Colleague: 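Sharing a structure below in structure tokens format, with a few things to ask.
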Number of protein chains: 2
Amino acid sequence: MKVKFKSKRLTIKEYTDGILDKNRVILSQAITLVESKLTKDNELAEEVINTIIPYAGNSLRIGITGVPGVGKSTFIEAFGKHLTALGKKVAVLTIDPSSQRTKGSILGDKTRMELLANDPDAYVRPSASGSTLGGIHSKTRETILLCEAAGFDVIIIETVGVGQSETSVKGLVDFFLLLMLYNAGDELQGIKRGIMEMADAIAINKVDGDNMRKGQLAKRQYQNALHMFPPNPNGWVPTVVTCSALTNDGVAGIWKVITDYKQQLKENGFFEDNRKQQNLNWMEETIKYHLETDFYEHPEVKEEMKNMRDLVVNEKAPAITVAKQLLALYHKTDANK
Amino acid sequence: MKVKFKSKRLTIKEYTDGILDKNRVILSQAITLVESKLTKDNELAEEVINTIIPYAGNSLRIGITGVPGVGKSTFIEAFGKHLTALGKKVAVLTIDPSSQRTKGSILGDKTRMELLANDPDAYVRPSASGSTLGGIHSKTRETILLCEAAGFDVIIIETVGVGQSETSVKGLVDFFLLLMLYNAGDELQGIKRGIMEMADAIAINKVDGDNMRKGQLAKRQYQNALHMFPPNPNGWVPTVVTCSALTNDGVAGIWKVITDYKQQLKENGFFEDNRKQQNLNWMEETIKYHLETDFYEHPEVKEEMKNMRDLVVNEKAPAITVAKQLLALYHKTDANK
């Protein structure tokens, strides 16, 4: 006999009361609800979000990225502990794009950031990155809102700087920090092009002991490189700092950079502008996601897609003609929805 | 009495025969047809493209960008003349994003590149950038195909490096050249972030006379900056060269860089891979363009859009809920198509 497990769902009131009451268990359950792929769960999740949204938005949202080996978890742990010591409540959401593809995980196991995870003022949660089409955005955005409603002042979103997710994360956060190593150049092999220009600061990690001189050299090199980039419209000049998560050197300095950034952008209005633009993008991306999913999941479109792609790749037919044929196929049977 | 002008249209055979016969007048008429916003013209244009596509694809497609004042037209004229002297047939398509917005034009008047325009082996054509949503892609892509079918070996696409169009142009070309000035840093004010990382080469222009030393310094600075970028997956290392369109110094050198690039990428397969990927992107962008146009031009969606955007911007409602309301509105009346 098969035992069918029914996943336990709370009422909207139980979720929202629990979240506003800073109940960790219920927060976790709400995040699971948000990440669920079931339509019924999605509807419930949306109502929860609608209810808590007036209580969200009051955190500083920080994106942190860097290739495997750069020391992200050790850094985030040291950084998070520094913030909780300052009286902040810190939530860390980790997005691991590899886990869904390979079923293995770059970001590793549950024992990561154990110290921070056991800090009563911190909350560490691996975040499902969802489907490839826009999934990252919606789920992580909603999770941020839940954490904010649960009283966290600093939300850290951690990604591996190797994939598409960084561009998405940039659209979720107020500040984007890139972790690098002192042997400038070497670890660039792993980083995706375009990420460096997105960084509001670069922190060169593991600069301690015998590596001090190398770290200072790398700092100058990155500073010169950033100087050759076009300036940010928001007036912020990206900063390079060195740090050691091991000795805690520079960790306070990074927080200083981030608070300076926040102050400067609050004053010139770009902090709010960025949030507003992010909200609009979120709306547009959601629309795009649903329009495209509807199209690409359409049975007849799906059936023809492989052949059509082959035609286009091998230049047997112009892409625009093929696109229109697929669109005609879609619209023909679209009416019966 | 109003006189109604009927635009003169040829038959498909007249267009295609004329193009394959290298008839400039008919090529120009075909480009006008492709750029037309009339549905009837679009259908005719598509058939023309379908007929000439087997004769297209044999050119080297080069994107050239740089802010106003960097000397793009003078450079392209010198570069184009160099190529025609080598026996190449050169088409120059200029995309001016400003003209449709302000009705003024950054790229200027018809007298630009007069020398090249009068060269029997060259063809200069300003290209309408079309609508904001994907318009740039389709029109310019099709124009490239027409020029290739008309026997041009090198297609140069010129844009002003200040807007969105560069990212699109990168998706149209084999090689992307960024023109800069020797006073490194200053002209960065105008360039959009992200463009530097797209460049396959940077040419520092106006390096002549008293500016030689400054030019060499700028070259070293840009080389160092590019060295700090993550490497290209295709194995190409972006190059920095100096040139003077005035004295013709370095113009031959840039052509050498581009032919080296072509040879290297033909050998490692990335040249063809890039074209195939561009074709697929073209298909996907066309689909996206039509799905989104259909949605955003929907009368009821259009009517609600302003209010809905206000709700989202001012965080009165979560973007995802608003998006779903608009989608419901769209689908409700979608069935009567």
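The basis for the numbers below is simple: all heavy atoms, side chains too, and nothing from hydrogens, waters or symmetry mates. Chain letters run A, B, ... following the sequence lines, proteins first, then strands; residues in each count from 1. Model, not experiment: these values are computed from the prediction.
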Colleague: Using only non-hydrogen atoms and a strict under-4.5 angstrom cutoff, which residues of residues 42-50 of chain A touch chain B?
Modeller: A:E46, A:I49, A:N50
Colleague: Identify, with sequence neighbours excluded, every residue that meets side chain to side chain donor-acceptor pair (under 3.5 Å) alongside B:R275.
Modeller: B:D174
Colleague: At a heavy-atom distance under 4.5 Å, which candidate from A:I287, A:V313, A:N281 has the highest pair count against chain B?
Modeller: A:I287
Colleague: Quick check on A:E284 against chain B: is it the side chain, the backbone, both or neither that has a heavy atom closer than 4.5 Å?
Modeller: both
Colleague: For atom NZ of A:K324, is the number of surrounding heavy atoms from other residues, nucleotides or ligands below 6.0 Å larger than 12?
Modeller: yes
Colleague: For B:L326, is it the side chain, the backbone, both or neither that has a heavy atom under 4.5 Å from a heavy atom of chain A?
Modeller: side chain
Colleague: May I ask you to name which of B:I53, B:V322, B:V312 has the most heavy-atom pairs under 4.5 Å with chain A?
Modeller: B:V312
Colleague: Would you indicate whether the side-chain heavy atoms of B:I19 and B:L146 approach each other to under 4.5 Å?
Modeller: yes
Colleague: For B:N314, is it the side chain, the backbone, both, or neither that has a heavy atom closer than 4.5 Å to a heavy atom of chain A?
Modeller: side chain
Colleague: I want to check something: taking the side chain as every heavy atom from C-beta on, are B:Y55 and B:E148 in contact at a cut-off of under 4.5 Å?
Modeller: no
Colleague: Is any NZ, NE, NH1 or NH2 atom of the basic residue among A:E297 and A:K302 found under 4.0 Å from an Asp or Glu carboxylate oxygen of the other?
Modeller: yes
Colleague: Hydrogens and angles aside, do B:T16 and B:T51 bring a side-chain donor and acceptor to less than 3.5 Å of each other?
Modeller: no
Colleague: Answer with side chain, backbone, both or neither: which region of B:L327 has an atom nearer than 4.5 Å to a non-hydrogen atom of chain A?
Modeller: side chain
Colleague: Check each atom of A:L280 against the heavy atoms of chain B and say whether the ones under 4.5 Å are side chain, backbone, both or neither.
Modeller: both
Colleague: Scan side-chain atoms only and decide if B:N279 and A:E315 contain a donor-acceptor pair under the 3.5 Å cut-off.
Modeller: yes
Colleague: For B:F295, what residues pass the ring pair (Phe, Tyr, Trp, His ring centres under 6.0 Å) criterion, not counting sequence neighbours?
Modeller: B:Y330
Colleague: Considering residues at least two apart in sequence or located in another chain, which fulfil the ring pair (Phe, Tyr, Trp, His ring centres under 6.0 Å) criterion with B:F271?
Modeller: none
